[in-house]
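We name chains A, B, ... by the order of the sequence lines, and we start the count at 1 in each one.
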2 protein chains.
Amino acid sequence: MASFTVENYLKAIYGLSQKQRGGVSTNAIAEAIGTKAATVSDMLKKLSANKLIHYKKYQGTTLTTKGAAMALNIIRKHRLWEVFLVEKLDFRWDEVHDLAEELEHIDSDELINRLEAFLDNPKFDPHGDPIPDKSGVIHQREQVALTDIQVNEAGVVTGVKDSSKEFLQFLDTQGIELGDRLVIKEVFEYDKSRTIELDGKAMTLSHQVCKNLYVKTEA
Amino acid sequence: MASFTVENYLKAIYGLSQKQRGGVSTNAIAEAIGTKAATVSDMLKKLSANKLIHYKKYQGTTLTTKGAAMALNIIRKHRLWEVFLVEKLDFRWDEVHDLAEELEHIDSDELINRLEAFLDNPKFDPHGDPIPDKSGVIHQREQVALTDIQVNEAGVVTGVKDSSKEFLQFLDTQGIELGDRLVIKEVFEYDKSRTIELDGKAMTLSHQVCKNLYVKTEA
DNA sequence: CATCTTTTTTAGACTCGTCTAAATTTATTT
DNA sequence: AAATAAATTTAGACGAGTCTAAAAAAGATG
Ligand SMILES: [Mn+2]
Ligand SMILES: [Mn+2]
Ligand SMILES: [Mn+2]
Ligand SMILES: [Mn+2]
């Protein structure tokens, strides 16, 4: 129904609105989509005319119920395709994003529902992000960043905040993957780096890494 | 690389060039793609400028080596996705064409090669059409239409010439599927219909049906 | 071969998504 | 509060792909 372009705008607005409260700015959308603010302004007018966003000039934008439903469906498709690529075609978790970026626009609910069943109804994608169900309901997992737990606290790695190829490959080199159990051994106040124990091995992780790693604590 | 539109033109030209000898006409392309002749003329100029077709005004067109290679890759992707949809997601053979029409444009050789392996390197799609290999080589099966075999000759159903939903669903109602063995029992000269025996059951098929059913004879 | 018909191409226009440059509004700072 | 800075929108343009209407070429017919 909606063009690739419109779908990408909706997804971007949804994503940005999750990271802050209040409306999403024109510049933020331009940055996310890789386009210019002028282009975004034009598009916001069209999306608004189609009742996909709430929009007052100069005031930022938020998705309407209809717009949010469409965004969630695209996210659902994106994440299910990512699971397919990793689980069935043996792609690595750092290789699947761009492909899913294309596959998410394939227009068929029947296809995506069957794919979901074929994959045994996964609840999370390869990066630990939750998969919205058919009606767009998304269950956020109870998880905290590694920066938010104390010395001697333990956690299981459940996801990443930064899904960039670079970060994912860095985690690979360190042998850190989803499901790993770790314990914080020491926090260095100087640079906020932390020493953790994982698989019986000690390693030190920078503040930047800890900020971007989600764990579920054993509370 | 090439846009969806360009890919669809190349595929259409390839398909039409298989059905006749000589160049493909502007009108035929317009008809195949569902557009107007004027639009096709414009596009032919662009494809020619990009060295994807040989083109002389008013003379029809043929694909260059480069154009043919691209067309075959799209056909390869189309057919492998069709196999996936039928074999893995349990779609029926009459349901998969339009979805494959979208999926064929996903731009990744790595993806399609992995999909091929995941599907156990199928050689034919759900309609019996051969799947080009990685280098675009396509092995046409030795098969003939049901109109071309004699009374008492036997054959195994290997494909359909007409892949329309209507014909495929008709075959379903008659219980005819790929792999079925049949024998021609009688040919009626009056309307060229034929009586066949299949699974021990006799049935009469019209000339139109026989023309569109391919079989491999036991020669 | 001259005319009529069909096919194909050109001309001009439209939509979608994009851009740069300029104008406008909002936010921040003295 | 005025001045300056930053964010946003408007104006005007462009390429891709499409259309309708008109012109031109090729093909068929008497
Ligand atoms: Mn996308
Ligand atoms: Mn993901
Ligand atoms: Mn297509
Ligand atoms: Mn097919």
Problem - Distance in angstrom units between A:E31 CD and D:dA6 P, rounded - result: 17 Å
Problem - B:N50 CG - D:dA16 C1' separation (whole Å) - result: 12 Å
Problem - Geometric cation-pi criterion A:R114 and B:F91, 6.0 Å radius, 45° cone - result: yes
Problem - Parallel, tilted or perpendicular, as decided by the 30° and 60° cut-offs, for the rings of B:F84 and A:W81 - result: tilted
Practice task
Examine D:dA6: is either OP1 or OP2 under 4.0 Å from a nitrogen or oxygen in the side chain of A:Y58? Give yes or no.
Solution key: no
Practice task
Decide if atom CD of B:E142 counts as having more than 12 heavy atoms of other residues, nucleotides or ligands within a radius under 6.0 Å.
Solution key: no
Exercise for the section: Starting at atom NZ of B:K45, determine the distance to atom C1' of D:dG15, rounded to an integer number of angstrom. Expected result: 15 Å
Practice task
Could you check whether B:T5 gets within reach of a base, just the sugar-phosphate, or nothing at all, counting any heavy atom under 4.0 Å?
Solution key: sugar-phosphate
Handout entry: Cation-aromatic face contact B:R79/B:F124, 6.0 Å, 45 degrees
Key = no
Exercise for the section: Anything under 30° is parallel, anything over 60° is perpendicular, the rest tilted; go ahead and classify A:H97 against A:H78. Expected result: tilted
Completion exercise
From the list A:V86, A:V83, A:I131, side-chain contact (heavy atoms from CB on, under 4.5 Å) partner of A:L119 resolves to A:V83
Problem - Minimum-distance nucleotide (side-chain atoms of B:T35 versus D:dG17, D:dT9, D:dC19) - result: D:dC19
Handout entry: A:K57 vs B:S25, nearer the 5' end of DNA chain C by closest nucleotide
Key = B:S25
Exercise for the section: For B:F4, answer base if it contacts any base atom (sugar-phosphate contacts may also be present), sugar-phosphate if it contacts only those atoms, and nothing otherwise; contact means non-hydrogen atoms under 4.0 Å. Expected result: nothing
Exercise for the section: Tell me, please, whether B:F118 has B:K88 positioned over its six-membered ring: NZ or CZ under 6.0 Å from the ring centre and within 45 degrees of its axis? Expected result: yes
Exercise for the section: Looking at every strand, decide which applies to B:S41 at a 4.0 Å heavy-atom threshold: base, sugar-phosphate, or nothing. Expected result: base
Problem - B:T39 side chain near D:dT18 phosphate (N/O to OP1/OP2, under 4.0 Å) - result: no
Handout entry: Span of DNA chain C in contact with chain B (heavy atoms, under 4.0 Å)
Key = C:dT7 to C:dT10
Practice task
Taking only the side-chain nitrogens and oxygens of B:S3, find out if one of them lies under 4.0 Å from OP1 or OP2 of D:dA16.
Solution key: no
